[in-house]
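In what follows, every heavy atom counts, from backbone to side chain, and hydrogens, waters and symmetry copies are set aside. In this text, all values refer to a predicted model and were calculated from it rather than measured experimentally.
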Amino acid sequence: MKTISVKASENYDILIDSHLLENCGELVSRVTQARHFAVIADSNTAPLYADTVVRSLHRAGADCDVFTFDAGESSKNIDTLARIYAFLAENHFTRSDAVIALGGGVTGDMAGFAAASYLRGMDMIQIPTSLLAMVDSSVGGKTAIDIPQGKNLVGAFKQPKMVLIDTDVLETLPEYYFIDGMGEIVKYGMIRSRSLFETLLSHDKDSIKDIITDVICECVSIKRDVVENDEFDHGERALLNFGHTLGHSIEKYYNYSGISHGRAVAKGMQLITDIATRQGLCDEGLSDKLAACLARYDLIIDIEPSVAELADATLNDKKRTGNTIGIVVVHDVGDSSTVKMPMDDFIALLKG
Ligand SMILES: NC(=O)c1ccc[n+]([C@@H]2O[C@H](COP(=O)([O-])OP(=O)(O)OC[C@H]3O[C@@H](n4cnc5c(N)ncnc54)[C@H](O)[C@@H]3O)[C@@H](O)[C@H]2O)c1
Ligand SMILES: [Zn+2]
């Protein structure tokens with residue numbers, strides 16, 4: 001078993017191995033006094049994995065109740081959250097009980113926010129089941145739900161007591177979502193790790209599965225380092241947003257349903273690297289290297305809108321955050337920084 005320790009406002013361990021679900025009862029007992037667990041899972045992960053988790057909790061002498069919601073981003077809203085609160089109340093959960101998120105990023109974000117807010121805070125355990133949740137959303141303590149005005153607008157920082165990454169569950173993850181997670185993994189290589197990037201370049205979407213545990217560990221370590229330096233997102237944590245400004249504009253253009261997050265980020269990384277290359281901010285061959293890496297994971301994406309059209313979406317999106325924008329630029333593989341510029345200059349750059 002690999003253990004990655006996080007030292008944030010609360011310290012916790014991220015455990016990475018196979019067979020962790022079967023042993024989760026014993027593992028979580030080490031970090032929480034809770035004897036009653038609310039297992040929150042979606043309509044795909046509950047039938048696959050809730051029984052294993054419940055059985056393990058029972059074996060460890062704990063009690064539990066399972067809450068299931070319809071899978072998908074469209075459930076990450078105030079209605080489902082209200083149903084989770086009602087479920088916690090009706091099942092008599094107290095502040096010394098705990099919430100377990102058993103699912104992808106949607107489950108983790110929403111269950112995490114429920115745990116942050118119900119009774120002003122309960123213990124929280126993350127059991128991420130999608131690749132994206134394993135390498136990104138389950139680590140770092142950001143939780144949120146969407147409101148009609150925008151994604152992730154209501155949320156809280158809530159560090160988990162433990163993160164259990166059981167790599168066996170990737171066997172049932174649909175290929176579409178595996179590739180989506182690979183988009184974020186390429187991002188980690190680009191911003192921080194030449195060796196990870198080289199590893200990705202020398203594999204493809206099939207062969208990478210043979211070494212996925214090592215790849216997950218490397219990504220989680222990078223996220224851990226960044227989050228430890230900047231837990232509350234005032235500086236370095238912004239590097240994790242490489243490719244995300246234009247990626248978000250692409251997702252928005254397609255109403256958050258046409259192009260998935262990891263694919264939008266892949267396209268966003270390419271577009272911003274092309275622009276940065278024209279500005280002389282990065283190594284000449286970088287765009288080609290990135291494209292070669294993305295191609296190995298089916299992450300070369302065609303989109304309808306021009307960059308100029310995306311500029312308008314970006315402008316609308318960023319209006320509420322003021323007149324300057326921080327753009328993450330990768331200068332060479334593994335070497336990145338945030339370049340702050342006036343919003344108008346950025347839009348002018350996009351419009352070329
Ligand atoms: N908190 C953060 O720091 C952070 C970071 C990145 C993304 N996010 C959020 O994460 C969400 C996206 O996460 P996601 O891509 O995991 O979405 P998701 O939770 O919807 O999972 C994707 C799909 O895979 C299914 N699934 C998950 N694991 C499975 C498994 N092992 N077997 C079979 N099916 C499985 C789910 O049911 C769902 O249909 C977004 O809401 C995003 O805002 C949060
Ligand atoms: Zn992302």
Do Lys142 and Asp233 sit within salt-bridge range, that is, some charged N less than 4.0 Å from a carboxylate O?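 A salt bridge is present here (some side-chain N lies under 4.0 Å from a carboxylate O).
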
Between Asp214 and Lys2, does at least one N-O distance fall below 4.0 Å, as a salt bridge requires?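 Salt bridge flag = yes for Lys2 with Asp214.
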
Side chains of [X] and [Y] only: does a donor on one sit below 3.5 Å from an acceptor on the other?
{"X": "Tyr177", "Y": "Ser260", "result": "no"}
{"X": "Asp109", "Y": "Thr143", "result": "no"}
{"X": "Ser207", "Y": "Asp210", "result": "no"}

Only counting residues at least two apart or in another chain, list the ones meeting salt bridge (charged side-chain N to carboxylate O under 4.0 Å, His left out) with [X].
{"X": "Lys223", "result": "Asp136"}
{"X": "Glu309", "result": "none"}
{"X": "Asp204", "result": "none"}
{"X": "Glu228", "result": "none"}

Can you list every pair that meets side-chain hydrogen bond (donor to acceptor under 3.5 Å, both in side chains) and has a residue in residues 341-352, with sequence neighbours left out?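 Those involving residues 341-352 are Asp312-Lys351.
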
Hey, mind stepping through Leu131 and Ile216 against side-chain contact (heavy atoms from CB on, under 4.5 Å) and telling me if it holds? CA-CA 8 Å; Leu131 185 58; Ile216 292 168; 4.0 Å; yes

Where do Glu236 and Asn229 come nearest, in terms of heavy atoms and distance?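 For Glu236 and Asn229, the tightest heavy-atom pair comes out as OE1-ND2, 3.0 Å.
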
Please give me the minimum heavy-atom distance between Ala41 and Thr107, naming the atom from each residue.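 That would be CA-CG2, 4.1 Å.
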
Any side-chain to backbone donor/acceptor pair from [X] onto [Y]? Under 3.5 Å, distance only.
{"X": "Thr45", "Y": "Leu102", "answer": "yes"}
{"X": "Arg237", "Y": "Val226", "answer": "no"}
{"X": "Asp97", "Y": "Thr94", "answer": "yes"}
{"X": "Thr129", "Y": "Val169", "answer": "no"}
{"X": "Thr32", "Y": "Ser29", "answer": "no"}
{"X": "Arg224", "Y": "Val6", "answer": "no"}
{"X": "Asp166", "Y": "Leu20", "answer": "yes"}
{"X": "Ser56", "Y": "Thr52", "answer": "no"}
{"X": "Tyr254", "Y": "Glu304", "answer": "yes"}
{"X": "Tyr297", "Y": "Leu200", "answer": "yes"}

What pairs of donor and acceptor atoms, side-chain ones from residues 59-74 against any protein atom, are under 3.5 angstrom apart with sequence neighbours left out?
unit_1 : atom_1 : unit_2 : atom_2 : d
Arg59  : NH2    : Glu22  : O      : 2.6
Asp65  : OD2    : His36  : NE2    : 2.8

Hydrophobic cluster of Phe232, others only, ordered by chain and residue number, side-chain cut-off 4.5 Å: Phe157

Could you walk me through whether Asn77 and Ile145 pass side-chain contact (heavy atoms from CB on, under 4.5 Å), step by step? CA-CA 5 Å; Asn77 59 29; Ile145 57 161; 5.8 Å; no

Salt bridge (Lys or Arg N to Asp or Glu O under 4.0 Å) pairs touching residues 34-49, sequence neighbours excluded, are none

Does anything in [range] form a ring-ring contact (aromatic ring centres under 6.0 Å, His included)? List the pairs, not counting sequence neighbours.
{"range": "residues 329-352", "result": "none"}
{"range": "residues 105-141", "result": "none"}
{"range": "residues 197-221", "result": "none"}

His261: which of Lys151, His248, His244 passes side-chain hydrogen bond (donor to acceptor under 3.5 Å, both in side chains): His244

Determine, stepwise, if the pair Val339 / Met341 fulfils side-chain contact (heavy atoms from CB on, under 4.5 Å). CA-CA 6 Å; Val339 178; Met341 61 176 82; 4.2 Å; yes

Distance-only check: which donor-acceptor pairs under 3.5 Å involve side-chain atoms of residues 270-277, not counting sequence neighbours?
unit_1 : atom_1 : unit_2 : atom_2 : d
Thr273 : OG1    : Met269 : O      : 2.7
Asp274 : OD1    : Ser287 : OG     : 2.5
Thr277 : OG1    : Thr273 : O      : 2.6

Working for side-chain contact (heavy atoms from CB on, under 4.5 Å), residues Gln159 and Ser9: CA-CA 8 Å; Gln159 299 297 346; Ser9 52; 4.1 Å; yes

Is there a path of hydrophobic side-chain contacts, each under 4.5 Å between heavy atoms, that joins Met110 and Leu132? no

Under 4.5 Å between any side-chain heavy atoms of Lys161 and Tyr12, yes or no? no

With the side chain counted from C-beta on, respond yes when Val28 and Phe37 share a heavy-atom pair under 4.5 Å apart, and no when they do not.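 Yes, close enough: below the 4.5 Å cut-off.
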
